[in-house]
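By convention in this document, chain letters (A, B, ...) are assigned in the order of the sequence lines, proteins followed by strands, and residues within each chain are numbered from 1.
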2 protein chains.
Amino acid sequence: MSEQAYLVLVALGEEPRHGYGVVQAVRALSDGQVRLGAGTLYGILDRAVGAGYVEASGEVVVDGRLRRYYRLTPTGLAAVRAETLRLAELAQRARRALGAGPTTGPTTGPTTGLPALGGTS
Amino acid sequence: MSEQAYLVLVALGEEPRHGYGVVQAVRALSDGQVRLGAGTLYGILDRAVGAGYVEASGEVVVDGRLRRYYRLTPTGLAAVRAETLRLAELAQRARRALGAGPTTGPTTGPTTGLPALGGTS
DNA sequence: TCCGCATATGTCGCCGCGCGATATATGTTC
DNA sequence: GAACATATATCGCGCGGCGACATATGCGGA
């Protein structure tokens with residue numbers, strides 16, 4: 001499960017949402033760092049529905065615009081909970097493995113400024 | 001940064017390792033759930049070297065077999081620490097978001113913004 | 001003796017999937 | 001009426017995960 005897909009499930013775990021609402025929720029959840037494109041959103045949504053994690057939850061028209069809602073299934077909720085636990089454990093193990101380094105704190109202020117792992121060459 | 005790439009950096013953060021050692025370390029780190037294939041490993045390693053996160057650390061022959069060692073650079077260490085912090089925060093947010101169900105009760109609003117004191121460190 | 005497995009390196013191609021671009025439509029704001 | 005936010009959905013590019021394959025040594029069992 002990709003991180004984007006995970007964030008979508010978390011967003012739907014809070015409450016049923018429509019597509020555009022998921023995009024906004026994910027952006028908020030990730031502190032504005034993850035911005036889902038339309039292609040990403042519907043690809044993830046379709047696969048999640050296929051996996052039985054998400055299901056359509058009805059359509060509502062608000063201000064003349066259609067909202068197609070999705071909700072997490074019990075299976076999806078279990079999956080996202082399990083993934084959350086796995087992530088938390090992984091982070092904890094990583095922290096232990098890396099030990100307390102020189103700058104253990106968040107070093108708040110400047111953005112990390114670290115190069116991306118794929119682009120720079 | 002993918003989870004596989006992250007795990008490789010964590011494994012190298014513990015201590016310098018050779019390729020096969022990284023595969024074993026990642027499997028251990030992920031509780032046997034993530035098994036790196038050769039293609040995955042060297043792809044990640046090459047990109048990580050290109051990004052300045054990892055560098056070659058010498059070659060040793062053990063039992064007639066060549067071991068090519070890699071080590072994390074200071075930049076790579078900073079990156080993996082930052083990613084660890086990001087992951088931990090994400091998991092914590094997710095737990096809070098999932099903890100308060102959709103319509104659990106009258107307090108459907110903001111999930112009591114009280115900061116979690118003394119988080120798991 | 002020889003077969004298979006673990007150790008150890010590396011390459012190649014498939015394809016899943018993230019993601020920007022694009023299309024379509026309505027309400028609001030300036 | 002131009003620009004933007006809201007709201008939907010599709011298409012194709014390309015990165016990257018990952019299995020398959022190639023190659024080589026040491027070891028243990030049949």
Side-chain angles (χ1 to χ4, degrees), chain A residues 1-12 16-30 32-51 53-54 56-70 83 115-121, chain B residues 1-12 16-30 32-51 53-54 56-71 79 83 90:
Chain A
M1 178 191 291
S2 72
E3 184 178 328
Q4 283 84 354
Y6 171 68
L7 284 166
V8 167
L9 295 189
V10 172
L12 290 177
R17 296 180 192 275
H18 61 290
Y20 194 75
V22 170
V23 172
Q24 293 172 311
V26 165
R27 191 169 53 184
L29 269 173
S30 67
Q33 290 177 31
V34 177
R35 303 193 180 192
L36 255 50
T40 307
L41 199 244
Y42 291 106
I44 288 173
L45 235 36
D46 287 346
R47 268 172 263 129
V49 169
Y53 288 174
V54 169
S57 173
E59 304 177 357
V60 180
V61 174
V62 178
D63 289 333
R65 292 189 212 93
L66 178 68
R67 286 186 179 177
R68 186 158 285 145
Y69 278 83
Y70 298 89
E83 184 69 8
L117 207 76
T120 320
S121 293
Chain B
M1 182 194 300
S2 72
E3 185 179 326
Q4 283 84 352
Y6 170 69
L7 284 166
V8 167
L9 295 189
V10 172
L12 290 177
R17 295 181 192 276
H18 61 289
Y20 194 75
V22 170
V23 172
Q24 293 173 312
V26 166
R27 190 168 54 183
L29 269 173
S30 67
Q33 291 178 31
V34 177
R35 304 192 181 191
L36 257 50
T40 308
L41 198 243
Y42 292 107
I44 288 173
L45 236 36
D46 287 347
R47 268 171 264 129
V49 169
Y53 287 175
V54 169
S57 173
E59 303 177 359
V60 180
V61 175
V62 178
D63 290 332
R65 292 189 211 93
L66 178 67
R67 286 185 179 177
R68 187 157 285 145
Y69 278 82
Y70 298 88
R71 86 162 80 93
E83 184 69 7
L90 176 59

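The residue Q24(A) sits close only to the backbone: its heavy atoms come under 4.0 Å of sugar-phosphate atoms, none of a base. Residue-level contact check: Y6(A) touches neither bases nor backbone, having no heavy atom under 4.0 Å from any strand. Contact annotation for L36(B): no contact, since no heavy-atom pair falls under 4.0 Å across all strands.
Considering L12(A), V10(A), V34(A) as possible partners of V26(A), the one that fulfils the side-chain contact (heavy atoms from CB on, under 4.5 Å) test is V34(A).
When atom types are taken as modelled, the side chain of R68(B) and the backbone of G58(B) share no donor-acceptor pair closer than 3.5 angstrom.
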Contact list (N/O, under 3.5 angstrom) for nucleotides 10-13 of chain D vs protein:
unit_1  : atom_1 : unit_2 : atom_2 : d
dT10(D) : O4     : G39(A) : N      : 3.4

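Shown for residues 58-68 of chain A: residues whose heavy atoms fall under 4.0 angstrom of DNA chain D, namely R65(A), L66(A), R67(A), R68(A).
In this structure, a donor-acceptor pair under 3.5 Å is present between the side chains of Y69(A) and R67(A).
Contacts between chain B and DNA chain C, taken as any atom within less than 4.0 angstrom of a protein heavy atom, begin and end at dA6(C) to dC12(C).
Distance I44(B) CD1 to dC18(D) C1': 10 Å, rounded to the nearest Å. Rounded to an integer number of Å, the gap from CZ of R27(A) to C1' of dT6(D) is 12 Å.
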V22(A)/Y70(A) under side chain to side chain contact (heavy atoms under 4.5 Å, CB included): CA gap, chis, key distance, verdict: CA-CA 9 Å; V22(A) 170; Y70(A) 298 89; 5.9 Å; no
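Other residues, nucleotides and ligands contribute only 12 or fewer heavy atoms inside 6.0 Å of the OH atom of Y53(A).
Between L36(B) and V8(B), the shortest heavy-atom distance links the atoms CD2-CG2, 3.5 Å. When all heavy atoms of A5(A) and S2(A) are compared, the closest pair comes out as N-OG, 3.1 Å.
Annotation: side-chain contact (heavy atoms from CB on, under 4.5 Å) contacts of V61(B) (sequence neighbours excluded): L66(B). Applying the side-chain hydrogen bond (donor to acceptor under 3.5 Å, both in side chains) criterion to Y20(A), with sequence neighbours excluded, gives no partner residue. Scored by the side-chain hydrogen bond (donor to acceptor under 3.5 Å, both in side chains) test, E3(A) finds R86(B) as partners (sequence neighbours excluded).
L9(A) is listed as a side-chain neighbour of M1(A), based on a closest heavy-atom distance under 4.5 Å.
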